[in-house]
2 protein chains.
Amino acid sequence: MSKTTLEQRIRSDIEARIRSGALRPGDRIPFEHELVAAYGCARATVSKAVEALAKAGLVERRRKAGTFVAHPHVQSAVLAVPDLEKLIAARGEAYRWTLIEQCRASASDLETGDIPSPALRIDGVHHADGVPLALEMRLISLSAVPLAASQPFGERSPGAWLLEQVPWTEARHEIGAANPTPEEAAALDMPTSGACLEVRRWTWQSGAPVTYVRQLFPGGRYHLMAEFTPGA
Amino acid sequence: MSKTTLEQRIRSDIEARIRSGALRPGDRIPFEHELVAAYGCARATVSKAVEALAKAGLVERRRKAGTFVAHPHVQSAVLAVPDLEKLIAARGEAYRWTLIEQCRASASDLETGDIPSPALRIDGVHHADGVPLALEMRLISLSAVPLAASQPFGERSPGAWLLEQVPWTEARHEIGAANPTPEEAAALDMPTSGACLEVRRWTWQSGAPVTYVRQLFPGGRYHLMAEFTPGA
DNA sequence: ACCGATATTATGTCTAGACATAAATGTGGG
DNA sequence: CCCACATTTATGTCTAGACATAATATCGGT
């Protein structure tokens, strides 16, 4: 067990009072000088504790007025967008990647992915225990990742390789639903009428496009999960 | 323009060197005592700046060794799961909620939503400019929110009301794809063969279930978005 | 009662130290 | 050469103040 510092003890004391409902949204928590007296420590210490709660969004600080329990407002959650290879391995299933096609990206590809020419296009399927879990269509900017041109993506999936290769600094996801085309349905071993979860991700490094990927998950075989505990 | 403190200037100076690529993952950033000398300030100030970068996951601190630029590893993003009423209003479209049914929740409802009896069940549709944007099936625990029983959900959507009423402390989302039943397709004015984005959310307050909601979005009319800039 | 200037006060930022802790490094003995 | 031990050093936590800032509360005059 790790040693708890005074700062985190103060923080968790207050947090417990909020989560239990003893302190409700809008209520004022004790002033810093009151906490200083209660814990017999310096103001910097209680200040850091309360500051952490404020950055976590649990309380709101107002000069002269004091510090108040925040009203929950924005509904946001931390979404896990896992590396599929690791995800499947973590579930104890056998991972397999099969390449469908590896070629130069066409002009229309580049437009949908917002990637500059020249770029590589890689299509393939992620399997878990032999069952197709996701169809992946990826574009990789060759000006950002020249090494990609000489990689054997028939053997390894491009996602994990890219993550090691190019640290990205910015990413955007769009998550929606789509029906597969007949070819996509065949690759996923599913009926054309079935719904698919569609995840599209754009990734940049310091403003320069690195990769675009569109993943299609057969509905029911996979879902994304997002947990949210304010301030945790 | 807001006044920048010395602490955030130190922080953004280092962050800029990381994002520009001048400092690459694995590189050591200057020691605290070097930064103290460079900026001519107290160690507490540079320590807070570097600490903030560490909490943001941009750098990793190791005793005796120093502070190093972190390798990006987990792929996670902040997902916005907006209140639909506010989202539609923010896009400049006209919001309308229509109630389909309001009744006591059945035993099978309670099981899927993991809500204790007694509970209220509310079905309805969110419209944007008259077009159905989402079908919503919601359960509200009456032991957690007794007031819900006497609310006129024919007029207002239950989501926004609940958020004001009961501050939640924990939430879990599952995001997947599904085909609508014929009734659901009719309510959404879409073909049965079309894919839908399905968002299911469980909400607790201090461990006690508050509400469960399942929302069905016709594919193409809506998608969730998630942005991620490490440390922002 | 209303409005504006002033005093008060809680938080925001910072200094200049102290001591604790853990990990890398150097040192000597086997 | 390798292992055990002591040393060094950067970060971790904390103290006891100082001054700045912004918002509330009070008081006085109209």
Side-chain angles (χ1 to χ4, degrees), chain A residues 1-18 23-71 73 230-231, chain B residues 1-18 23-71 230-232:
Chain A
M1 57 203 94
S2 68
K3 196 172 297 182
T4 61
T5 67
L6 179 54
E7 180 196 328
Q8 52 199 180
R9 210 184 92 213
I10 297 172
R11 184 193 155 151
S12 58
D13 280 2
I14 299 170
E15 186 168 342
R17 282 202 270 170
I18 294 172
L23 285 170
R24 299 183 51 79
D27 288 357
R28 209 203 74 227
I29 74 167
F31 292 127
E32 292 192 352
H33 65 81
E34 293 173 327
L35 292 170
V36 164
Y39 289 92
C41 65
R43 188 165 79 93
T45 305
V46 305
S47 190
K48 274 194 78 180
V50 178
E51 176 75 15
L53 289 172
K55 264 198 271 208
L58 237 80
V59 300
E60 193 186 332
R61 315 193 76 179
R62 289 210 307 277
R63 271 184 166 117
K64 158 78 186 177
T67 301
F68 301 83
V69 179
H71 294 84
H73 33 195
Chain B
M1 56 206 88
S2 66
K3 196 173 298 181
T4 62
T5 67
L6 179 54
E7 180 195 328
Q8 51 199 182
R9 209 185 93 214
I10 297 172
R11 186 194 153 149
S12 59
D13 280 2
I14 298 171
E15 187 169 342
R17 281 201 272 171
I18 293 172
L23 285 170
R24 299 184 51 81
D27 288 357
R28 210 203 72 227
I29 74 168
F31 293 128
E32 291 192 352
H33 65 81
E34 292 173 327
L35 292 170
V36 164
Y39 288 92
C41 64
R43 187 166 79 93
T45 305
V46 305
S47 190
K48 277 194 75 181
V50 178
E51 176 75 15
L53 288 172
K55 264 197 274 211
L58 238 82
V59 301
E60 195 185 331
R61 314 193 78 180
R62 288 210 306 277
R63 272 186 167 114
K64 160 77 188 177
T67 301
F68 301 82
V69 179
H71 294 84

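Residue numbers begin at 1 in each chain, while the letters A, B, ... track the order of the sequences.
- Side-chain atoms of B:Ser47 lie closest to D:dT13 of the nucleotides D:dT13, C:dT11, D:dC14.
- Rounded to whole Å, the distance from CZ on A:Arg11 to C1' on D:dT13 is 16 Å.
- A straight line from OH of B:Tyr39 to C1' of C:dC14 spans 16 Å, rounded to a whole angstrom.
- Following rounding to the nearest Å, B:Lys48 (NZ) and D:dC14 (P) show an atom-to-atom distance of 14 Å.
- Rounded to whole Å, atom P of D:dA16 lies 18 Å from atom NE2 of A:His33.
- Around atom CZ of A:Arg28, more than 12 heavy atoms belonging to other residues, nucleotides or ligands sit under 6.0 Å away.
- In this model, no side-chain donor or acceptor of A:Arg61 finds a partner on the base of C:dT11 within 3.5 Å.
- Figure legend: cation-pi geometry between A:Arg61 and A:Phe68 absent, as NZ or CZ is not positioned both under 6.0 Å from the six-membered ring centre and within 45° of its axis.
- Out of C:dT13, D:dT24, D:dT13, the shortest distance to the side chain of A:Ala65 is found at D:dT24.
- The residue among B:Arg63 and A:Arg63 whose nearest nucleotide of DNA chain C lies closer to the 5′ end is A:Arg63.
- Place A:Thr5 and A:Arg62 on DNA chain D by their nearest nucleotides, and A:Thr5 ends up nearer the 5' end.
- Taking the side chain of A:Lys64 as heavy atoms from C-beta on, and the options C:dT13, C:dA23, D:dA22, the nearest nucleotide is D:dA22.
- The nearest whole Å value for the distance from the CD atom in B:Glu32 to the P atom in C:dT15 is 13 Å.
- Annotation: side chain of B:Pro30 is in contact with side chain of B:Arg17 (closest heavy-atom distance under 4.5 Å).
- Nearest nucleotide to the side chain of A:Arg43, out of C:dA18, D:dA18, C:dA16: D:dA18.
- Contact annotation: the side chain of B:Arg9 approaches that of B:Leu6 to within less than 4.5 Å [non-hydrogen atoms, C-beta and beyond].
- Between B:Pro30 and B:Ala44, the one whose closest nucleotide on DNA chain D sits nearer the 5' end is B:Pro30.
- Between B:Arg28 atom CZ and C:dA24 atom C1' the separation is 13 Å, expressed in whole Å.
- Across the protein-nucleic acid pair, A:Phe31 atom CZ and C:dT8 atom P stand 17 Å apart, rounded to whole Å.
- Contact between the side-chain N/O atoms of B:Thr45 and the OP1/OP2 oxygens of C:dT15 is found at a separation under 4.0 Å.
- For the pair A:Lys55 NZ and C:dT13 P, the interatomic distance rounds to 9 Å; values are reported in whole Å.
- Among all heavy-atom pairs drawn from A:Gly57 and A:Ala70, the shortest one is O-CB, 3.6 Å.
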